[in-house]
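Quick notes on the structure that follows.
It should be emphasised that the depicted structure is a prediction, and the values quoted were computed from it without experimental measurement. Throughout, a chain's letter reflects where its sequence line sits, starting with A, and its residues are numbered from 1.
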2 protein chains.
Amino acid sequence: MEASIDDILKKNQLSVTSSRKKILELFLVNNGALSHGDIEKKAASKFDRVTVYRTLQAFLEKGVIHNIPTADNSIRYALCKDDCSEGHHHDNHVHFICNNCSSTICLDNVIIPSIKLPKGYTSTQVEVVVSGVCKECK
Amino acid sequence: MEASIDDILKKNQLSVTSSRKKILELFLVNNGALSHGDIEKKAASKFDRVTVYRTLQAFLEKGVIHNIPTADNSIRYALCKDDCSEGHHHDNHVHFICNNCSSTICLDNVIIPSIKLPKGYTSTQVEVVVSGVCKECK
DNA sequence: TTATTTTTCGCAACCTTGTTGCAAATTATT
DNA sequence: AATAATTTGCAACAAGGTTGCGAAAAATAA
């Protein structure tokens with residue numbers, strides 16, 4: 001397990017440091033989305049606040065994580081699937097936010113139906129955020 | 001025109017003040033979404049920053065405006081259509097963000113297709129944010 | 001392995017964004 | 001016009017996020 005974390009970092013041209021390993025591990029263990037606050041709570045005792053910000057930014061730039069738009073505009077990040085990395089995020093997946101436990105989940109298998117826009121509009125990306133009750137809380 | 005602004009405020013049980021009139025007017029003139037920053041830039045010389053916040057909050061509570069989730073998590077507000085007001089926003093419309101001019105538009109006429117969630121998930125709200133190029137910029 | 005270069009970290013300081021309490025001013029009500 | 005109820009602006013604060021820079025840690029070269 002240790003090795004695979006290092007590999008992910010190297011594959012994305014990120015130098016391997018203890019803070020990056022730790023934060024990446026948090027994403028792998030917690031298989032939902034994390035807010036900056038979540039990460040700070042779980043790892044901030046070990047790292048500076050600024051380091052967490054910079055690490056997330058580096059992960060974003062390299063396509064390791066992506067951010068999720070939420071109705072309350074709190075920023076959340078989630079791991080990208082493998083095909084995310086090469087510059088162009090495929091990003092066309094559904095995000096689900098549970099109103100009860102407020103966990104955020106990427107539903108990669110849910111297909112987004114095509115949306116018919118009015119004349120003159122061109123779409124390059126579609127973000128769908130569904131809120132409701134997740135299967136753990138039902 | 002002046003009269004109609006007053007009417008909208010009264011209809012929504014908001015006392016008519018100069019700041020509310022001015023901010024509501026901004027939304028009416030600018031028929032897209034506005035961020036708090038936009039409003040501050042356009043009206044802050046006249047009003048205190050806090051007043052803008054409280055006005056937007058009041059508008060939100062009364063259902064005059066609603067907020068829009070964006071990919072970069074900047075908060076944007078847009079006027080609600082008439083059927084928004086009664087507590088339950090209908091909210092099921094598509095928001096479009098132009099990558100070029102970065103204006104945000106409510107596409108009220110675009111129908112959101114129903115999305116099939118995995119077993120165990122219940123949906124109460126679906127937000128769709130499409131980004132691309134708007135008809136002005138194409 | 002050691003030396004050198006490059007990158008990252010942590011600290012402090014700062015900026016932006018948003019909130020709260022309270023007295024003064026403005027609206028609504030009578 | 002007088003009173004009651006809201007709203008405003010100020011100041012002060014809190015949270016969230018950024019920047020510069022020397023110290024520390026990684027990566028690279030020798």
Side-chain angles (χ1 to χ4, degrees), chain A residues 2-3 5-26 33-62 64-77 102 104, chain B residues 2-3 5-26 33-62 64-77 102 104:
Chain A
E2 263 299 314
I5 290 180
D6 289 23
D7 290 348
I8 294 173
L9 291 172
K10 281 176 193 162
K11 200 197 311 181
N12 288 285
Q13 300 161 24
L14 290 162
S15 40
V16 179
T17 68
S18 58
S19 51
R20 284 175 181 173
K21 288 204 295 194
K22 180 68 186 172
I23 290 172
L24 180 53
E25 195 192 339
L26 282 178
L34 296 171
S35 68
H36 178 97
D38 294 335
I39 294 164
E40 256 194 73
K41 277 170 208 145
K42 297 187 182 187
S45 51
K46 297 196 56 135
F47 309 110
D48 192 80
R49 225 160 48 86
V50 179
T51 301
V52 178
Y53 280 108
R54 288 199 266 228
T55 302
L56 288 175
Q57 208 167 302
F59 283 4
L60 265 182
E61 277 165 17
K62 299 296 183 182
V64 180
I65 58 175
H66 61 275
N67 60 358
I68 302 172
T70 60
D72 65 337
N73 288 92
S74 62
I75 306 182
R76 303 199 183 194
Y77 305 92
S102 79
T104 304
Chain B
E2 261 299 313
I5 289 180
D6 289 24
D7 290 349
I8 294 173
L9 291 172
K10 281 176 193 161
K11 199 198 311 182
N12 288 284
Q13 300 160 24
L14 290 162
S15 40
V16 178
T17 69
S18 59
S19 52
R20 284 176 181 173
K21 287 204 294 194
K22 180 69 187 169
I23 291 172
L24 179 52
E25 195 192 340
L26 282 179
L34 296 172
S35 68
H36 178 96
D38 294 334
I39 295 164
E40 255 195 76
K41 276 169 209 146
K42 296 186 182 187
S45 50
K46 297 195 55 134
F47 310 110
D48 193 80
R49 227 160 47 86
V50 179
T51 301
V52 178
Y53 280 108
R54 288 198 266 230
T55 302
L56 288 174
Q57 208 167 303
F59 283 5
L60 265 182
E61 278 165 16
K62 299 296 183 182
V64 179
I65 58 176
H66 61 276
N67 60 0
I68 302 171
T70 61
D72 65 336
N73 288 92
S74 62
I75 306 181
R76 303 198 183 195
Y77 304 92
S102 79
T104 304

Does a nitrogen or oxygen in the side chain of T51(A) sit under 4.0 Å from OP1 or OP2 of dG10(C)?
yes

Between R20(A) and S15(A) (side chain of the first, backbone of the second, donor and acceptor by atom type, cut-off under 3.5 Å), is there such a pair?
yes

Closest heavy-atom pair and its distance - A33(B), I68(B)
CB-CD1, 3.7 Å

Phosphate OP1/OP2 of dT8(C): any R54(A) side-chain N/O under 4.0 Å:
no

Below 4.5 Å, heavy atoms only, C-beta onward: do T55(A) and F47(A) meet side chain to side chain?
no

How many Å lie between CG on L24(A) and P on dT8(C), as a whole number?
15 Å

Nearest-Å distance, NE2 (H36(B)) to P (dA15(D))?
19 Å

Counting just side-chain N and O atoms, does S19(B) come under 4.0 Å of either OP1 or OP2 of dT8(D)?
yes

To the nearest Å, how far apart are D48(B) CG and dA11(D) C1'?
10 Å

To the side chain of Y53(B), which of dT17(C), dG9(D), dA28(C) is closest?
dT17(C)

With a 4.0 Å cutoff (strictly under), does any side-chain N or O of S15(A) reach OP1 or OP2 of dA27(D)?
no

Measure from CG on L60(A) to P on dT18(D) and round the result to the nearest Å.
11 Å

Should Q57(B) and Y53(B) count as side-chain neighbours, where that means a heavy-atom distance under 4.5 Å?
no

Within this structure, what is the NZ-to-P distance between K21(A) and dA26(D), rounded to whole angstrom?
8 Å

Could you state the atom-to-atom distance from CZ of R76(A) to C1' of dG16(D) in whole Å?
16 Å

When you measure from the side-chain N and O atoms of R49(B) to the phosphate of dT17(C), is any distance below 4.0 Å, counting only OP1 and OP2?
no

Rounded to whole Å, please give me the gap between CG in L14(A) and C1' in dA26(D).
13 Å

Heavy-atom side-chain proximity of L9(B) to F59(B) below 4.5 angstrom:
yes

In this structure, how many angstroms lie between the P atom of dT8(D) and the CG atom of L56(B), rounded?
11 Å

Could you please name the option among dT19(D), dA11(D), dA28(C) that lies closest to any side-chain atom of V50(A)?
dT19(D)

